[in-house]
Visitor: 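I'd like to ask some things about the structure below.
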Protein chains: 2
Amino acid sequence: MTDNRKKSTRARAPEKKKEQFNKILEEGKELFIKYGSHGFSLRALAKRMKMSQSNLYNYVQSKRELWIAIRIKYFKEFQEKFSEIVETHKDSYVDIWLKMATFFLEFAAADYRRFAIMFLISAPPSEKIGPFEKKYKPFQLVNQALLVVEQAIDAKKIKKDSAIELFYYVYGVLLGAAQVEFQLSKKIYQPITAEEQKISVDQFRKFTLEEISKRVEQELL
Amino acid sequence: MTDNRKKSTRARAPEKKKEQFNKILEEGKELFIKYGSHGFSLRALAKRMKMSQSNLYNYVQSKRELWIAIRIKYFKEFQEKFSEIVETHKDSYVDIWLKMATFFLEFAAADYRRFAIMFLISAPPSEKIGPFEKKYKPFQLVNQALLVVEQAIDAKKIKKDSAIELFYYVYGVLLGAAQVEFQLSKKIYQPITAEEQKISVDQFRKFTLEEISKRVEQELL
DNA sequence: TTATTTAATTGTCAGCGTTAATTTAGTGGT
DNA sequence: ACCACTAAATTAACGCTGACAATTAAATAA
């Protein structure tokens with residue numbers, strides 16, 4: 001056994017501690033992306049951080065909390081890019097929807113494990129509820145997109161009555177489509193019966209985006 | 001510590017062993033449904049079975065294999081009910097789609113953990129690939145529904161060109177919708193901004209089914 | 001009745017999240 | 001420059017997990 005720890009140093013200044021915590025989150029992200037939820041252990045993370053495993057508890061109350069902290073960070077990154085699309089849009093209402101949808105599907109496909117930790121896998125259970133869990137609200141990402149819808153309603157560009165329903169519906173469509181794309185992209189899958197059942201990821205995405213586009217068009221006044 | 005094991009008996013006849021294995025799957029299902037993926041341990045299952053934990057390995061190569069075996073069993077149950085709908089249908093093409101979709105969403109909502117083990121959570125990893133994993137094909141459930149589509153194509157009731165795309169699309173819609181419904185049903189969730197963002201599960205389902213219905217209608221010749 | 005087979009057992013392993021007790025590096029006050 | 005204090009870091013241990021090896025003994029076949 002070689003000693004992997006670095007020359008023992010302590011992050012005492014609040015700024016230094018924040019920095020250290022941030023590094024923990026970054027290493028945690030990498031660990032998760034590389035080895036998945038089952039390879040994501042505090043011991044492995046500690047080794048990467050060159051610190052003892054129990055020292056992580058000076059930064060986080062539980063594995064669950066760490067998990068949620070990473071999720072929140074991913075959502076922040078997601079929001080940032082998402083906001084950019086939303087705020088700089090000069091396109092039509094339909095086009096902005098198309099851009100948001102495309103971004104969502106590309107984001108999921110670019111790193112499915114990241115997508116999974118954000119939208120699919122629930123955090124490991126813990127006895128206590130920590131600060132990150134209290135802070136975290138599901139459906140948070142939704143708000144950014146909802147803003148677009150509301151602005152359009154206010155500007156009387158679209159029908160008001162079913163806008164919210166449609167919004168959640170499209171969110172569901174994208175959530176499901178991202179998963180179907182992933183399953184389609186796996187080599188393992190081979191349709192059992194006929195030849196014509198085959199479908200490529202590109203084909204599927206094109207179809208999905210067109211469906212969304214057509215549906216949103218109907219909403220215009 | 002009380003000894004929970006039953007008076008030691010052995011299931012040696014092939015029939016008896018099959019029976020015993022079936023009981024393992026049934027208890028496993030219950031355990032999973034009751035305590036979720038994290039409460040689902042071989043030791044807890046063994047206790048329920050009143051046997052030693054390592055004896056489970058006489059029935060299954062790994063926890064992963066057990067997981068997949070349970071998943072397969074759930075799919076069989078799903079297929080059975082699904083087939084009934086498909087095979088006894090006297091309705092229009094649109095109505096049968098509506099029935100399939102309704103069944104899917106009701107199935108998911110009736111027991112979300114069951115739905116999750118079938119469609120969302122991936123089985124825990126294992127070093128070796130067992131017989132159940134070899135047997136299991138993802139997208140298997142899809143075939144039953146595909147049959148309906150193909151029959152309709154053959155009967156020249158619907159457009160052929162985009163039938164398969166639409167099929168996968170609707171599958172994605174349902175997969176996503178089931179998850180949105182679940183999130184909406186959680187008490188935790190409270191929208192942040194305006195009042196009108198609220199939406200009930202019933203509202204959402206109604207909307208979703210209507211969307212599917214409208215979309216399938218367009219496919220008719 | 002005996003030999004064989006194999007279900008079921010005990011014991012052990014490394015790995016996991018978590019906690020308690022302890023050490024010691026970094027900070028602020030004098 | 002020194003000292004006291006705080007808290008980041010350590011070591012050690014707990015009970016849990018999936019898995020494996022060796023052993024026992026119940027059910028079957030000869």
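Since we're looking at a predicted model, the values are computed, not measured. Chain letters run A, B, ... following the sequence lines, proteins first, then strands; residues in each count from 1.
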Visitor: Please confirm whether any donor atom in the side chain of B:Asn58 sits under 3.5 Å from an acceptor in the base of C:dA8, or the reverse.
Guide: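 Under the 3.5 Å cut-off, the side chain and the base do form a donor-acceptor pair.
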Visitor: How many Å lie between CE on B:Met49 and P on C:dA7, as a whole number?
Guide: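 Taking atom P of C:dA7 as the reference, CE of B:Met49 is at 13 Å.
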Visitor: May I have the distance from A:Met51 (atom CE) to C:dT24 (atom C1'), rounded to whole angstrom?
Guide: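 Interatomic distance, CE of A:Met51 to C1' of C:dT24: 16 Å.
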Visitor: Mind checking ring-ring contact (aromatic ring centres under 6.0 Å, His included) for A:Phe115 and listing every partner two or more places apart, or none if nothing turns up?
Guide: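 With sequence neighbours excluded, A:Phe115 shows a ring-ring contact (aromatic ring centres under 6.0 Å, His included) to A:Phe104, A:Tyr112, A:Phe119, given in chain and number order.
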Visitor: Does B:Lys81 come within less than 4.0 Å of B:Glu106, counting only side-chain N to carboxylate O?
Guide: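 No, this pair does not count.
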Visitor: Against the six-membered ring of B:Tyr35, is B:Arg113 placed for a cation-pi contact (under 6.0 Å from the centre, within 45° of the normal)?
Guide: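 That pair does not qualify as a cation-pi contact.
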Visitor: Separation of A:Leu56 atom CG from D:dA7 atom P, in whole Å?
Guide: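 The answer, rounded to whole Å, is 19 Å.
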Visitor: Reading DNA chain D from 5' onward, which residue's closest nucleotide shows up sooner: B:His38 or B:Ala11?
Guide: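 Counting from the 5' end, the first nearest nucleotide belongs to B:His38.
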Visitor: Specify the separation, in whole Å, of atom CD1 of B:Ile24 and atom P of C:dA7.
Guide: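 Rounding to the nearest Å, CD1 of B:Ile24 and P of C:dA7 are 11 Å apart.
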Visitor: In terms of side-chain geometry, is the basic nitrogen of A:Glu26 or A:Lys29 positioned less than 4.0 Å from the acidic oxygen of its partner?
Guide: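 Answer for the salt bridge query: yes.
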Visitor: When the nearest nucleotide of DNA chain D is assigned to A:Tyr59 and to B:Gly39 on a heavy-atom basis, which residue is associated with the more 5' position?
Guide: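 With A:Tyr59 and B:Gly39 compared, the 5'-side residue is A:Tyr59.
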Visitor: Tell me: CG of A:Asn55 to P of D:dA8, nearest whole Å?
Guide: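 Going from A:Asn55 (CG) to D:dA8 (P), I get 8 Å.
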Visitor: Would you kindly give the CG-to-C1' distance between A:Leu31 and C:dC16, to the nearest whole Å?
Guide: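 From A:Leu31 CG to C:dC16 C1': 14 Å.
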Visitor: Can you pull every protein N or O that's under 3.5 Å from an N or O on nucleotides 18-20 of chain D?
Guide:
| unit_1 | atom_1 | unit_2 | atom_2 | d |
| --- | --- | --- | --- | --- |
| D:dG18 | OP1 | B:Leu42 | N | 3.3 |
| D:dG18 | OP1 | B:Lys63 | NZ | 2.9 |
| D:dG18 | OP2 | B:Leu42 | N | 2.9 |
| D:dG18 | N7 | B:Arg43 | NH1 | 2.5 |
| D:dG18 | O6 | B:Arg43 | NH2 | 3.0 |
| D:dA19 | OP2 | B:Tyr57 | OH | 2.6 |
| D:dA19 | OP2 | B:Lys63 | N | 2.8 |
| D:dA19 | O5' | B:Tyr57 | OH | 2.9 |
| D:dA19 | N7 | B:Gln53 | OE1 | 2.9 |
| D:dA19 | N6 | B:Gln53 | NE2 | 3.1 |

Visitor: Only counting residues at least two apart or in another chain, list the ones meeting side-chain contact (heavy atoms from CB on, under 4.5 Å) with A:Glu84.
Guide: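 Once residues adjacent in sequence are excluded, A:Glu84 has no partner under the side-chain contact (heavy atoms from CB on, under 4.5 Å) criterion.
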Visitor: Rounded to whole angstrom units, what separation is found between the NZ atom of A:Lys17 and the P atom of D:dA8?
Guide: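 So the two atoms are 3 Å apart, to the nearest Å.
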Visitor: Just the rounded figure in Å: distance from C1' of C:dA8 to NZ of B:Lys23.
Guide: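 Whole-Å distance recorded here is 15 Å.
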Visitor: Any luck finding a side-chain donor-acceptor pair between B:Asn22 and B:Lys73 under 3.5 Å?
Guide: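 Short answer, yes.
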Visitor: Taking the basic N atoms (NZ, or NE/NH1/NH2) and the acidic carboxylate oxygens, is any pair closer than 4.0 Å for A:Glu133 and A:Lys128?
Guide: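 Looking at A:Glu133 and A:Lys128, the cut-off is not met.
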